[in-house]
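Scroll down for the structure; my scribbles are underneath it.
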Amino acid sequence: MKSFSLLILIFISACSSTGEHRPVAPSRPVPLLEVNPDLWVQNGCTLYNFRISRSFPGEMCIFLNDGSFISATSQTLRRFGKDHEILWEVKDIFHHQLNLSPDGQRILSLSSNVVKRNGKDQRDDVFIILDLNGKVLHRESFYPHMVEKKIRLLNWTMGKRLKDLGAQSESSHFNSIYEIPANAYEMKLPWLKQGNIIVNSTSLGVFILSPDVKNVLHRKLFDSSHNHEIHDVQVNPEGEYLFFNNRISISSNAYISAIQKYDDVKKSLTFNFQSNPPEMFYSPACGGVQEFRDMIFFSHVTTGGYYYSKEKETIVSSIPGLNGNPHESSPVQQLKLINANEFLKHSGNESK
């Protein structure tokens, strides 16, 4: 696989251990609007296009073409109308990701149960699928699958945010959820059938579930990643797994990150982006990736997003982390590129 150069600087981040190098977006990034003027950068519930920033209520959002939007916090999921009136609300413990099904009819979310286990409160991951009217279609905990398939519990100590919700540890750590689209391999590999659900947990692996999230159809661990430290796993129309590989070991005490695609028929990587030198790109947490016809867009936890041109085989644009100043960095869970023009056209309430 080829390695490609990132036009970036080096700095030590406050969230890294001593000696970990991170890329920083150029101080004068190529405006993404020069590449595609219809695209906006989405960071949670903020939209940004290098000229203006529009912020909406919530921590994770889905923007719909009719001017309404779905908004999640750690405690509620709401749909707001085009004038920001609340249309419905669902109480639950949401985290990490909120996505639409490929046909735009279902909301896929990650949530939590807090249960008493061995005398202590522990958080279990829950998968929730809803329709656009807020009806919960499916809500299933992953814990019974761990018991059935004898999957070890992580028993990780929780950070402050989830401790505030009552959990002292967690049994798993899922960070992405998608519905599998129509793809080239669904006849060869039954678990890749359109409509199945793909979820990913740090350390435990990728799991493909039935559409009602009741049954585990397949489990996949990527050997290229140290301890399966991976984010944002999805299936593309070619039937490949696309993901952000956070931690690849290059020595006993050094790691790098990469954007990768894996073909489960060929049993090999079909795409492997690393910086040159590889040590310049390392994101120990978070990270997101999107694939378009002519590009791959990926985001780094502290430095923002990068636009990789498949045709030019290089980075052609970068987007700093969004904190009100386009030339400064801030932590991001996942940046997305979306066409928000229809949403903004019909949204009747100007936001900050």
Side-chain angles (χ1 to χ4, degrees), residues 42 44 59-64 70 72 77 94-112 125-132 136-140 142 145 172-186 189-202 204-222 225 228-246 259-264 270-271 286-293 296-299 333-339:
Q42 179 184 349
E59 300 170 7
M60 300 174 285
C61 280
I62 297 171
F63 299 106
L64 303 175
I70 314 298
L77 180 70
F94 297 96
H95 65 90
H96 277 91
Q97 270 197 1
L98 196 64
N99 288 314
L100 270 186
S101 59
D103 64 4
Q105 298 302 306
R106 291 169 299 285
I107 304 163
L108 287 73
S109 63
L110 297 170
S111 186
S112 307
D125 275 297
V126 172
F127 314 123
I128 303 181
I129 300 178
L130 310 92
D131 67 17
L132 295 183
V136 176
L137 304 175
H138 309 289
R139 187 187 192 280
E140 298 292 334
F142 187 69
H145 298 305
S172 57
H173 191 90
F174 282 86
N175 56 48
S176 65
I177 179 169
Y178 289 93
E179 182 176 311
I180 295 177
N183 65 87
Y185 283 163
E186 58 184 311
L189 304 175
W191 56 87
L192 291 186
K193 182 179 178 181
Q194 179 182 4
N196 287 341
I197 307 299
I198 182 169
V199 293
N200 176 69
S201 171
T202 305
L204 299 181
V206 175
F207 297 86
I208 297 181
L209 312 175
S210 57
D212 61 5
V213 295
K214 290 181 181 291
N215 301 301
V216 174
L217 307 177
H218 188 68
R219 182 185 184 186
K220 179 74 178 178
L221 285 160
F222 289 104
S225 180
H228 192 86
E229 297 194 36
I230 284 175
H231 279 78
D232 206 25
V233 183
Q234 56 210 266
V235 174
N236 66 14
E238 288 70 41
E240 301 163 314
Y241 298 98
L242 171 68
F243 52 94
F244 191 113
N245 193 339
N246 293 81
I259 308 302
Q260 296 180 326
K261 291 195 288 185
Y262 182 88
D263 188 309
D264 220 0
T270 57
F271 179 82
C286 304
V289 58
Q290 279 178 284
E291 185 171 23
F292 299 87
R293 182 175 61 183
I296 292 177
F297 178 72
F298 59 95
S299 54
Q333 169 67 32
Q334 177 188 14
L335 297 182
K336 295 181 179 180
L337 297 181
I338 66 169
N339 187 332

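Excluded from the calculations below are hydrogen atoms, water molecules and symmetry mates; all remaining heavy atoms, backbone and side chain alike, are included.
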Legend entry - Minimum-distance pair of heavy atoms, taken over all atoms of Ile197 and Ser210: CG1-O, 3.8 Å
Inset, instruction - Kindly say whether Glu179 contributes a backbone atom to a donor-acceptor pair with the side chain of Ser101 at under 3.5 angstrom? - result: no
Inset, instruction - Compute whether any side-chain donor of one residue and acceptor of the other, for Asp232 and Gln97, lie under 3.5 angstrom apart. - result: yes
Inset, instruction - Go through the side-chain N and O atoms of Thr270 and Asp263 and say whether any donor and acceptor fall under 3.5 Å apart. - result: no
Inset, instruction - Evaluate whether atom NZ of Lys220 has more than 12 neighbouring non-hydrogen atoms of other residues, nucleotides or ligands under 6.0 angstrom away. - result: yes
Legend entry - Rounded distance [0.5 Å steps], CD in Gln42 versus CD in Gln290: 9.0 Å
Inset, instruction - Evaluate the side-chain hydrogen bond (donor to acceptor under 3.5 Å, both in side chains) criterion for residues Asn200 and Asn175: first the C-alpha distance (whole Å), next the side-chain angles of each, then the deciding distance (0.1 Å), finally the verdict. - result: CA-CA 6 Å; Asn200 176 69; Asn175 56 48; 3.1 Å; yes
Legend entry - Cationic N near anionic O, under 4.0 Å, Lys261 to Glu238: no
Legend entry - From Leu98 atom CG to Leu108 atom CG, the distance as rounded to the nearest 0.5 Å: 8.5 Å
Legend entry - Backbone N/O of Asn246 and side chain of Glu229: donor-acceptor pair under 3.5 Å: no
Inset, instruction - Look at the aromatic rings of Phe222 and His228 and report parallel, tilted or perpendicular, splitting at 30° and 60°. - result: parallel
Legend entry - Side-chain (Asn183) to main-chain (Val235) donor-acceptor, under 3.5 angstrom: no
Inset, instruction - Assess whether side chain to side chain contact (heavy atoms under 4.5 Å, CB included) is satisfied between Ile70 and Leu100, documenting all intermediate values. - result: CA-CA 10 Å; Ile70 314 298; Leu100 270 186; 5.7 Å; no
Legend entry - Shortest non-hydrogen separation from Tyr241 to Asp264 and the atoms involved: OH-OD2, 3.3 Å
Inset, instruction - First locate atom CZ of Phe297, then atom CG of Leu337, and finally report the distance between them rounded to the nearest 0.5 Å. - result: 4.0 Å
Inset, instruction - I would like to know whether Ile128 and Ile107 meet side chain to side chain contact (heavy atoms under 4.5 Å, CB included); could you show each step before the answer? - result: CA-CA 8 Å; Ile128 303 181; Ile107 304 163; over 6 Å; no
Inset, instruction - Spell out, as yes or no, whether a donor-acceptor pair under 3.5 Å connects the side chain of Ser111 to the backbone of Val126. - result: no
Legend entry - Polar side-chain atom of Asn99 near backbone of Ile177 as donor-acceptor pair, under 3.5 Å: yes
Legend entry - Expected output: side-chain His231 to main-chain Thr202 donor-acceptor under 3.5 Å: no
Legend entry - CG on Asn215 to CG on Asn196, rounded to 0.5 Å: 10.0 Å
Inset, instruction - Mind checking the CZ-CG spacing from Phe127 to Leu209? Nearest 0.5 Å is all I need. - result: 5.5 Å
Inset, instruction - Working to the nearest 0.5 Å, report the span between CD of Gln260 and CG of Leu242. - result: 10.0 Å
Inset, instruction - Could you tell me whether the side chain of Ser201 and the main chain of His173 form a donor-acceptor pair under 3.5 Å? - result: yes
